Participant: 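What follows is a single structure, and I will ask about it in a moment.
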Amino acid sequence: MSSLIIDLILCGVAYVVLIYFVATMTKARFQRGRDNGDDGDGGIEDITPPKIDLPPGVIWPSDAPKRVGPKEPVEV
């Protein structure tokens with residue numbers, strides 16, 4: 001067998017072993033201590049959207065003037 005094939009096989013085995021250890025370590029860490037429902041953010045929860053200062057002449061679509069039915073035609 002060529003040394004290239006032996007190196008590729010050894011690298012593949014090392015990769016599989018490494019992925020196995022990483023998967024088992026992260027799974028154990030995520031399952032431990034997740035029963036209290038705390039997401040870890042901390043602080044005060046503020047769910048109001050931010051007030052964004054728009055440039056002059058720009059309005060939000062929800063603040064647009066409401067259209068009133070068609071206007072009466074003007075006779076000339």
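Bear in mind that the values here come from a model prediction, so they are computed numbers and not experimental data.
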Participant: So if you build clusters from Ile, Leu, Val, Met, Phe, Trp, Tyr with side-chain heavy-atom gaps below 4.5 Å, do V22 and I19 land together?
Facilitator: no
Participant: Mind checking whether Y20 and V17 sit in one hydrophobic cluster, side chains of I, L, V, M, F, W, Y counted as touching below 4.5 Å?
Facilitator: yes
Participant: Atom CG in L10, atom CG in L8: separation rounded to 0.5 Å?
Facilitator: 9.0 Å
Participant: Quick one: closest heavy-atom pair of I59 and A64, and the distance?
Facilitator: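 Minimum heavy-atom separation between I59 and A64: CD1-CA, 3.8 Å.
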